[in-house]
Amino acid sequence: GLDYNHLSALPARLCDGLSSLQVLWLHNNSLSALPSGLFSGLSNLQELWLEHNSLSALPAGLFDGLSHLQKVGLDYNHLSALPAGLFDGLSHLQKVWLGHNHLSALPAGLFSGLS
């Protein structure tokens, strides 16, 4: 994993060629933003841990194509809003951690389509 480092940015193509990756630990870094499409090649990803960073926003479509994603940790960041449709198409999503952010409202239907 790349957890517990001092990463403040990630290259847009970081995950290219990692289609078999199932768990990605990026927690406990200094990430303030994520490139759009960063995770697009991770078709088998099941767990994504981004907690304890400095994320203030997430790009729309960040989780597009991650149809096997089950767990997402986004707690302990600086998120004040989430993009509409952030979790669309994530039919296997079971748990999302969003605590300890600056969220005051959530987009309508954010969790619709999840069972």
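Each residue takes its place number in the sequence, starting with 1.
- You'll find the side chain of C15 reaches within 4.5 Å of the side chain of L24, heavy atoms only.
- Residues forming a side-chain contact (heavy atoms from CB on, under 4.5 Å) with E47 (at least two apart in sequence, or on another chain): V23, W49, K71.
- D3 CG to L26 CG: the interatomic distance, rounded to the nearest 0.5 Å, is 8.0 Å.
- Using modelled atom types, no side-chain atom of N5 and backbone atom of N29 make a donor-acceptor pair closer than 3.5 Å.
- Using a 4.5 Å cut-off between side-chain heavy atoms of Ile, Leu, Val, Met, Phe, Trp and Tyr, with links allowed through other members, W97 and L48 fall into different hydrophobic clusters.
- Applying the side-chain hydrogen bond (donor to acceptor under 3.5 Å, both in side chains) test to pairs two or more places apart or on separate chains, none has a residue in residues 50-70.
- Every pair passing salt bridge (charged side-chain N to carboxylate O under 4.0 Å, His left out) that includes a residue from residues 8-31 is listed here, sequence neighbours excluded: R13-D16.
- S36 and A60 get closest at one heavy-atom pair: OG-O, 4.4 Å.
- Within 6.0 Å of CH2 in W25 there are 12 or fewer heavy atoms belonging to other residues, nucleotides or ligands.
- In this structure, CG in L66 is found 8.5 Å from OG in S43, a value given to the nearest 0.5 Å.
- By the ring pair (Phe, Tyr, Trp, His ring centres under 6.0 Å) test, H102 is found to be paired with H78, residues two or more places apart in sequence or in another chain being considered.
- Within the model, atoms CG of N44 and CG of L21 stand 9.0 Å from one another, a figure rounded to the nearest 0.5 Å.
- The closest side-chain heavy-atom distance from F111 to L106 is below 4.5 Å.
- Partners of Y4 under the side-chain contact (heavy atoms from CB on, under 4.5 Å) rule, at least two apart in sequence or in another chain, are H27, N28.
- Contact check for L34 versus L50: side-chain heavy atoms found under the 4.5 Å cut-off.
- Rounded to the nearest 0.5 Å, atoms OG (S40) and CG (L42) are 7.5 Å apart.
- Looking at residues two or more places apart in sequence or on another chain, you find no ring pair (Phe, Tyr, Trp, His ring centres under 6.0 Å) involving F39.
- The heavy-atom pair separating F87 from L114 by the smallest distance is O-CD2, 4.0 Å.
- Here CG of L62 is found 9.0 Å from CG of L55. Values are rounded to the nearest 0.5 Å.
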